[in-house]
Every structure is written in structure tokens, then in C-alpha cells.
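Report on the structure given below.
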Amino acid sequence: MTALSYSAPSSVEDAIRILSGASGMAKVLAGGTDLLVQLRSGRVKPDLIVDTKKIPGMIGIREVDGGFVIGAATSGALIGEHEALGKAWPGVVEAANLIGSTQVQGRASLAGNLCNASPAADSVPALVAAKATCVVVGPKGRREVPVESIVIGPGRTSLARDEFITEFHLPKRPPRSADAYLRFIPRTEMDIAVVGAGVNVTLDAGGVCREARVTLGAVAPTVLVVPEAAAALVGHKLDKATLDALDAAARKACKPIDDKRGTIDYRIKVAGVLARRTAAIAFERAGDR
Ligand SMILES: Cc1cc2nc3c(=O)[nH]c(=O)nc-3n(C[C@H](O)[C@H](O)[C@H](O)COP(=O)(O)OP(=O)(O)OC[C@H]3O[C@@H](n4cnc5c(N)ncnc54)[C@H](O)[C@@H]3O)c2cc1C
């Protein structure tokens, strides 16, 4: 058995060089709340761990051109404490803050939540509903890609073995815009989503929805963007007919599994109910701005 090596580079360039030169399996480390659990259980057996937290910019939140740049290893706790971010993107912040306990919040990052590639990851439906992008770096350079292009299946990402994410970008918002995220879990604390729903809307002065994006988590191998559900909202106020159409579109999009947390039928029903409730919160928030 070879020993596990650990490296904590202080620049993106060094991290890429170390990852590119690694023989065997190399894993990038952010907060470790997934990776360390997997190491202990023997589920992953890397030869090298590259800790990204000493790289400038990996932790922290900046406002740029009216939008936000969030370092990939920024903890849920820091995200929750950022007033301007919480005002602009309450759904993204509430999703990030649903991850784990207070202790987990001190470490858990958006990049780790995304790249662990669990279908039930809480921050991902909210980030995708927000049209967030992320910056991927590697030996071939830097590219900015939509968050939804990263996860390609449970536990699998589109990143090359020597690539990693450095930051997330949330765009500037028009007036009367807001987002929301809700998940359903069997217990009241510390459980994995049976369904998660993200809704991001822009309303006009009369409360009619002009733009919408609706996402669902934990009901397919990767987060679903549901254009039919968004279409049910656009051009409408949030009345009963609109909510019924949203509910039906959300249910129709689901391709869930059957497991101990819920049957296929149950998950589909919950997806419709959650989409309704999440949309109601997003509309109410947007109307207040
Ligand atoms: C008790 C407990 C409760 C939890 N509850 C929830 C919950 O309610 N909801 C939920 O969604 N999750 C939950 N989780 C899972 C976990 O906390 C989250 O997925 C968390 O966001 C992972 O972030 P991290 O920084 O700790 O990732 P890490 O463990 O450091 O990394 C996770 C994965 O992402 C990769 N990675 C990390 N950073 C990068 C990067 N910059 N670029 C590319 N790949 C990278 C790693 O190589 C690894 O494969 C829970 C975990 C625990 C232990």
C-alpha cells in the first residue's frame, strides 16, 4: 500500500502542476465534509490530496459589476453571513445553508457540493436556477461554464483529472427578481433531500412573471432544468391555474428512483408540491423589491 500524500499549494498554477504531475488518483480538497468521510470509509482511495484552501480567491465573496463572485471553497457559514449576497440571491444562500449542521457549515463549500455529484446536493438546483456559472482551470487554461455542465451522473463530473473549479459567478439581477429553494427530507434535520426545488423569477410592476427558471433535484441522476415549468409561470400571476400548470409540468419532468426515502410515485407528487411552494416564496420575495 502506498502512502497518501497531501499538498496545499498557494497558487492556481502550482495546484494545476501538482495535479497534472500526479501518478495514480489525485483528489481536490475543499471543506472535506464529503471527501474525508469517503476516505475513512474506504470508498475512495486517492494517492494524493490537493487542498485548495490556501490558494488566493478560493475563499471569499466579491461583488463585481452588480453580480457576485464566490470562491469555490467558501464555506456555507461565510455565504450565510454575506448580507448583500443574501439580499440578491436568497434562494442560493438558503440552499447552501441547508447543507449539514453548524459544524458542517463551517467547512462545506459550493464546489464540494457540486463536484461530489450527488443527485440530492442542495446547493446545485439553486445555483442552476440562478444561471450561475463556474470557472474551471487546468493545464489547457481557464473556461467559464454553466454550473449544470459539471455533473454528468451520480458521482461523475465533466472535469478532467487535472482540472478544478476556482469560483462561481452569480449575475446581476434586474429589479423585482428573486429566487427560492426548498427541499423535502423525511426528518427535520440533517438528512438528504427526497426532492429539492429551485425557482428564480423576474416579475413586472403588475406582478406578472416575465422570466423564470425552475429546477428539480433528487428526482433524476442530475439536476433537472424544467423549461415547461418555467413556461407555466411566464406571462402569469401566481394564481391557482398557474400553480396547477407548474405542478403538472414539474411532476411530468421527474425520473426518480425508488429507495428507502421515497417511492417513485411519492417523489413525483412531492416534486409538484415543492415546485408550488418554492414558486410562491420566489414570487413573494420578487414582489417586495
Ligand atoms: C453530517 C453531514 C451532513 C450533510 N448534509 C448535507 C445536506 O443536507 N445537503 C447536501 O447537499 N450535502 C450534505 N452533506 C454533504 C457535504 O457536506 C456537501 O456536499 C458539501 O457541500 C461538500 O463540500 P466540501 O467543501 O466539504 O467538499 P469536499 O469534501 O472537500 O469535496 C467533495 C468532492 O468535491 C471535489 N472538490 C472539492 N472542491 C473542488 C473544486 N474546487 N474543484 C473540483 N472538485 C472539487 C472533491 O475532490 C470531492 O470529490 C453532508 C455531509 C455531512 C458529513
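Read the numbers this way: they start at 1 and go in the same order the structure lists the ligands and their atoms. No experiment lies behind these values; they were computed from the predicted model shown.
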Does [X] approach ligand 1 within less than 4.0 angstrom via side chain, backbone, both or neither, non-hydrogen atoms only?
| X | result |
| --- | --- |
| L98 | backbone |
| Q103 | neither |
| D122 | both |
| I192 | neither |

NZ/NE/NH1/NH2 to OD/OE distance under 4.0 Å, [X] and [Y]:
| X | Y | answer |
| --- | --- | --- |
| E94 | R183 | no |
| R176 | E211 | no |
| K269 | D265 | no |
| D258 | R267 | no |
| K140 | E163 | no |
| D179 | R213 | no |

Nearest to [atom], what protein heavy atom do you find, and at what distance?
| atom | value |
| --- | --- |
| atom 49 (O) of ligand 1 | K27 NZ, 3.2 Å |
| atom 28 (P) of ligand 1 | G32 N, 3.4 Å |
| atom 17 (O) of ligand 1 | T33 OG1, 2.7 Å |
| atom 31 (O) of ligand 1 | G112 CA, 3.8 Å |
| atom 1 (C) of ligand 1 | M190 CE, 3.6 Å |
| atom 45 (C) of ligand 1 | C115 CB, 3.7 Å |
| atom 3 (C) of ligand 1 | G100 CA, 3.6 Å |
| atom 29 (O) of ligand 1 | L35 N, 2.7 Å |

Have a look at F68 and tell me which of H82, H169, K172 forms a side-chain contact (heavy atoms from CB on, under 4.5 Å) with it. H82

With the side chain counted from C-beta on, respond yes when R62 and E167 share a heavy-atom pair under 4.5 Å apart, and no when they do not. yes

Would you indicate which of V28, D191, T74 comes nearest to atom 47 (O) of ligand 1 when only heavy atoms are counted? V28

Short N/O distance, under 3.5 Å, between N113 and ligand 1? yes

Which atoms from ligand 1 have a heavy atom of [X] less than 4.0 Å away?
| X | result |
| --- | --- |
| F164 | 42 (N), 43 (C) |
| D34 | 15 (C), 16 (C), 18 (C), 19 (O), 20 (C), 22 (C), 26 (O), 29 (O), 32 (C) |
| A111 | 38 (N), 39 (C), 40 (C), 41 (N) |

Looking at residues at least two apart in the chain, or sitting in another chain, which of them share a side-chain hydrogen bond (donor to acceptor under 3.5 Å, both in side chains) with R173? N200

How would you list, by chain and number, every residue that makes a side chain to side chain contact (heavy atoms under 4.5 Å, CB included) with I16, sequence neighbours excluded? V12, S20, V137, P139, F164

Non-hydrogen atoms of S101 versus ligand 1: any pair closer than 4.0 Å? no

So is R183 in contact with ligand 1, going by heavy-atom distances below 4.0 Å? yes

